[in-house]
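Below is one structure, written out as structure tokens; comments come after it.
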Amino acid sequence: MTLFHILERRLQQAVSRHLSERYGVEIPVAVEQPKQSSFGELALPIAFQLAKQLRQPPKKIAEQLAGELSPIPGVARIEVAGNGYLNVRFDRGGYAGGLLSGEREVSAPKSGKIIVEHTNINPNKAAHIGHLRNAVLGDTFVRMLRSAGHSVEVQNYIDNTGVQVADVVAAFHYLEHKSAAEVRELIEIERFDYYCWDLYARISQHYKDNAEALAWRQETLHSIESGEGDIAEIGHLVADAIVRAHLATMLRLGIYYDVLPRESEILHLKFWARAFELLKERQAIYFETGGKNKGCWVMPGAAFSEQAGEEDSKVIVRSNGTVTYVGKDIAYQLWKFGLLGRDFRYRRWMVYPNGHEVWVSTSEASQAGAPPFGRGSYVYNVIDSRQSYLQDVVVAGLRALGFSEQAGRSIHFSYEMVTLTPATCVELGIELTDEDRRRPYVEVSGRKGQGVKADDLIGRLIADACQEVDSRHPQAPEPERRRVAAQIAIGALRFFLLKYTRNAVIAFDFQEALSFEGETGPYVQYAAVRARNILRKLAERGEPLPDFNRELSAGAMARQLASEDFWQLLLEASRAEVALERALASGEPAHMAKYAFQLAQAFNTFYHDYHVLAEENRERRTVLLWMTHYFHAQLERTLEVMGIDVPEYM
RNA sequence: GGGGACGUAGCUCAGUUGGAUAGAGCGUCCGCCUCCUAAGCGGAAGGUCGGCAGUUCGAAUCUGCCCGUCCCUACCA
């Protein structure tokens with residue numbers, strides 16, 4: 001627990017005790033952040049809450065409380081403001097001293113494992129901007145959880161036997177008349193994920209023009225499921241190659257996975273068969289004997305929706321005996337909690353450059369060294385909001401099986417889709433109707449090959465950043481400039497995807513996404529770079545960083561922090577953990593982005609107003625140096641949670 | 001028809017459990033590099049928080065009704 005929290009809690013307890021002793025009331029003491037920083041560090045609206053009970057005006061109660069509360073360590077004074085607010089001001093010198101000495105309470109290590117499933121891209125074509133939102137949200141949430149001390153397992157589900165893969169496989173076989181060997185060769189010589197992007201658009205169009213060709217899809221699905229023959233072989237080749245491409249794209253963004261559970265193993269290792277038994281046994285589903293779902297196994301609508309009637313039952317097993325996606329998802333969700341009574345086998349998929357290993361499910365014997373995957377105590381599924389109905393069905397399945405605790409711990413971490421602005425559509429050559437042109441955003445079709453490919457976008461961002469870096473640092477070696485440009489590009493991209501709250505539809509616009517000014521990743525990175533430049537300059541002058549603990553007395557801190565400007569920056573920097581906790585509690589990575597931006601803003605103002613190295617007063621200079629150092633550490637830590645690097649220079 | 005999300009400045013969006021004078025970025029206009037990097041800083045203009053009613057000492061926030069936009073409502077995933 002950080003110093004800020006310690007003070008907050010101390011205040012709550014003191015006020016709570018006083019209320020109980022003086023007035024005999026037991027109510028939770030709300031503590032808020034004042035509207036304006038000039039009001040102090042914390043505010044208590046307690047007098048408003050008490051006004052009714054005590055039949056006295058809030059202001060009078062506030063005055064009584066302010067006068068009667070016994071001193072609280074760390075709190076300088078409590079003032080009455082407005083109609084009855086109690087504004088609390090910290091003892092600045094003491095607070096700074098606490099930060100300097102690292103005063104905090106160690107929180108107990110969290111038990112249990114949290115599983116976060118994200119990315120989940122169909123392995124049939126290149127990743128696009130919408131997939132990036134999923135992965136960046138998921139990855140940032142994972143980093144937030146880990147930063148708070150949780151143990152987290154990252155799963156990326158691979159639907160390698162679904163319709164989307166089958167369509168591309170069918171295209172290779174029926175449209176292009178390619179053998180598995182030829183596809184294998186293509187993978188070597190082509191930008192394969194891009195190739196499939198276009199091929200998928202081609203076969204989608206072909207199906208549209210020749211409805212009878214849809215028979216290819218069924219044929220292909222059958223071949224893939226049987227696992228025998230050339231078509232099945234193409235299926236493996238396509239899915240594996242595309243997964244490799246996706247992981248490479250995500251690695252550019254600093255996104256890693258622990259395990260890739262695949263649909264093929266859900267089928268081959270009879271996960272579904274087992275789940276089916278359970279569902280039948282506990283009567284979570286029933287065999288429909290009449291109506292539109294005759295011959296299907298269905299889950300009654302009442303299980304997942306209060307308003308649902310007979311009509312709204314969800315088909316789990318089709319009348320031809322095949323299982324729907326939701327059925328497989330129920331089996332998968334059961335496995336995640338260790339409730340299925342079956343496990344995958346695993347083999348190493350790849351080792352990342354940093355040594356981290358990612359494993360993949362297999363139906364062969366397990367390779368040695370596989371970590372114990374699954375058996376999570378909480379499961380977060382990062383899936384777009386359009387699928388909330390299906391996620392509800394999955395959770396209802398768990399509940400119907402009697403696993404209500406796990407059902408409650410199944411969290412659909414939903415987010416809205418990414419669309420394109422009309423201007424960006426025009427830039428991409430996508431035809432628009434007059435109606436579309438007037439809309440703020442347009443949802444485009446991946447089936448038609450429309451959209452912004454992730455690697456294209458990253459490439460453009462890097463090119464733009466490179467231009468800036470080149471013009472500012474022409475003397476720096478080329479590979480280094482390139483690395484810095486990539487860090488800036490990724491910073492811009494991740495920040496862009498994180499600054500919107502989850503339920504905001506993002507209207508992607510090239511002009512906006514390629515901006516490096518204002519509320520952007522590079523703005524925040526720049527503030528960190530500026531702070532580091534000051535410290536580096538100091539070192540270049542042959543001056544070591546002062547021993548702050550020895551040089552800065554409580555008195556010196558108090559004297560210098562009497563300056564409102566200094567105090568506000570220090571306070572804001574000290575709230576990094578508060579921001580993290582708030583973001584975690586609300587499940588909003590956007591709060592991290594907001595905080596990072598505000599902190600950067602505070603520092604940029606400070607940087608502009610005070611020349612640290614030129615400061616002649618020794619005590620003040622030392623305080624400014626310490627604040628610069630502390631700010632940098634706090635901002636860097638915050639950016640790290642967002643997966644954003646601080647470049648060496650900008 | 002049913003379910004869900006949303007409507008806040010010209011544009012894109014924040015807004016904790018209802019609280020003090022509703023915020024930011026972009027855009028527009030006006031300024032600031034002899035000084036640790038101007039990817040920066042300062043200032044100005046810009047609002048009936050979709051509408052109406054209600055609850056409350058107090059509503060952008062809660063409730064109801066209405067208007068508008070989007071998503072879902074497959075034996076696709």
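Side-chain atoms are counted along with the backbone in the values below, which use heavy atoms only and exclude waters and symmetry mates. Convention: sequence-line order gives letters A, B, ...; per-chain numbering from 1. This is a predicted model, so every value here is computed, not measured.
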Quick one: [X] [atom1] to [N] [atom2], roughly how many Å, whole number?
| X | N | atom1 | atom2 | value |
| --- | --- | --- | --- | --- |
| A/Glu615 | B/C35 | CD | P | 19 Å |
| A/Asp609 | B/G43 | CG | C1' | 14 Å |
| A/Arg582 | B/G15 | CZ | P | 7 Å |

[N] versus [M] - spacing of their [atom1] atoms, nearest Å:
| N | M | atom1 | result |
| --- | --- | --- | --- |
| B/U61 | B/G18 | P | 11 Å |
| B/G43 | B/C26 | P | 14 Å |
| B/U34 | B/U28 | C1' | 32 Å |
| B/U17 | B/C62 | P | 10 Å |
| B/G50 | B/U16 | P | 14 Å |
| B/G47 | B/G64 | C1' | 26 Å |
| B/A39 | B/G46 | C1' | 26 Å |
| B/G4 | B/C65 | P | 12 Å |

Taking only the side-chain nitrogens and oxygens of [X], find out if one of them lies under 4.0 Å from OP1 or OP2 of [N].
| X | N | result |
| --- | --- | --- |
| A/Tyr526 | B/A39 | yes |
| A/Tyr523 | B/C41 | yes |
| A/Asn533 | B/C36 | no |
| A/Lys537 | B/C36 | no |
| A/Ser385 | B/C72 | no |
| A/Arg530 | B/G40 | no |
| A/Arg541 | B/C36 | no |
| A/Asn83 | B/A20 | no |

Just checking [X]: base, sugar-phosphate only, or nothing, at a heavy-atom cut-off of under 4.0 Å?
| X | result |
| --- | --- |
| A/Tyr607 | base |
| A/Ala43 | base |
| A/Asp384 | nothing |
| A/Tyr610 | base |
| A/Val326 | nothing |
| A/Ala504 | sugar-phosphate |
| A/Val612 | base |
| A/Tyr389 | sugar-phosphate |
| A/Tyr500 | sugar-phosphate |
| A/Pro57 | nothing |
| A/Gln601 | sugar-phosphate |
| A/Arg386 | sugar-phosphate |

With a 4.0 Å cut-off, would you call [X] and [Y] a salt bridge?
| X | Y | answer |
| --- | --- | --- |
| A/Arg386 | A/Glu416 | no |
| A/Glu435 | A/Arg439 | yes |
| A/Glu543 | A/Arg536 | no |
| A/Glu63 | A/Lys60 | no |
| A/Glu519 | A/Lys594 | yes |
| A/Arg575 | A/Glu581 | no |
| A/Lys328 | A/Glu263 | yes |

If you only use heavy atoms from C-beta on, which nucleotide in [options] is closest to the side chain of [X]?
| X | options | result |
| --- | --- | --- |
| A/Arg439 | B/U69, B/G40, B/A77 | B/U69 |
| A/Gln387 | B/U16, B/A5, B/A77 | B/A77 |
| A/Lys314 | B/A74, B/A5, B/U16 | B/A74 |
| A/Asp159 | B/U73, B/U37, B/A77 | B/A77 |
| A/Ile488 | B/C41, B/A77, B/A39 | B/A39 |

Is [N] paired to anything, Watson-Crick or G-U wobble with both distances less than 3.5 Å, and if yes, which nucleotide?
| N | result |
| --- | --- |
| B/G1 | B/U73 |
| B/C62 | B/G54 |
| B/C13 | B/G23 |

Flag as yes if A/Phe39 stacks onto the base of B/A20 (centroids under 5.5 Å, planes under 30°), otherwise no.
yes

Exercise. Within the stacking criterion (centroid distance below 5.5 Å, interplanar angle below 30°), does A/His611 stack on B/C36?
Worked result: yes

- [ ] Determine whether any donor atom in the side chain of A/Asp167 lies under 3.5 Å from an acceptor atom in the base of B/A77, or the reverse, and answer yes or no.
- [x] no

Contacts of A/Glu32 and A/Thr605 projected onto RNA chain B by closest heavy atom; the upstream (5') one is A/Glu32

### Comparing A/Leu613 and A/Glu512 on RNA chain B - which has the more 5′ nearest nucleotide
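On the 5' side of the pair lies A/Glu512.
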
Chi class for B/C33: syn within 90° of 0, otherwise anti: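 Base orientation relative to the sugar is syn.
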
Exactly one candidate in A/Tyr610, A/Phe631, A/Phe603 meets ring-ring contact (aromatic ring centres under 6.0 Å, His included) with A/Phe566; the answer is A/Tyr610

Which of these passes side chain to side chain donor-acceptor pair (under 3.5 Å) with A/Tyr649: A/His473, A/Arg481, A/Glu480?
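The passing option is A/Glu480.
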
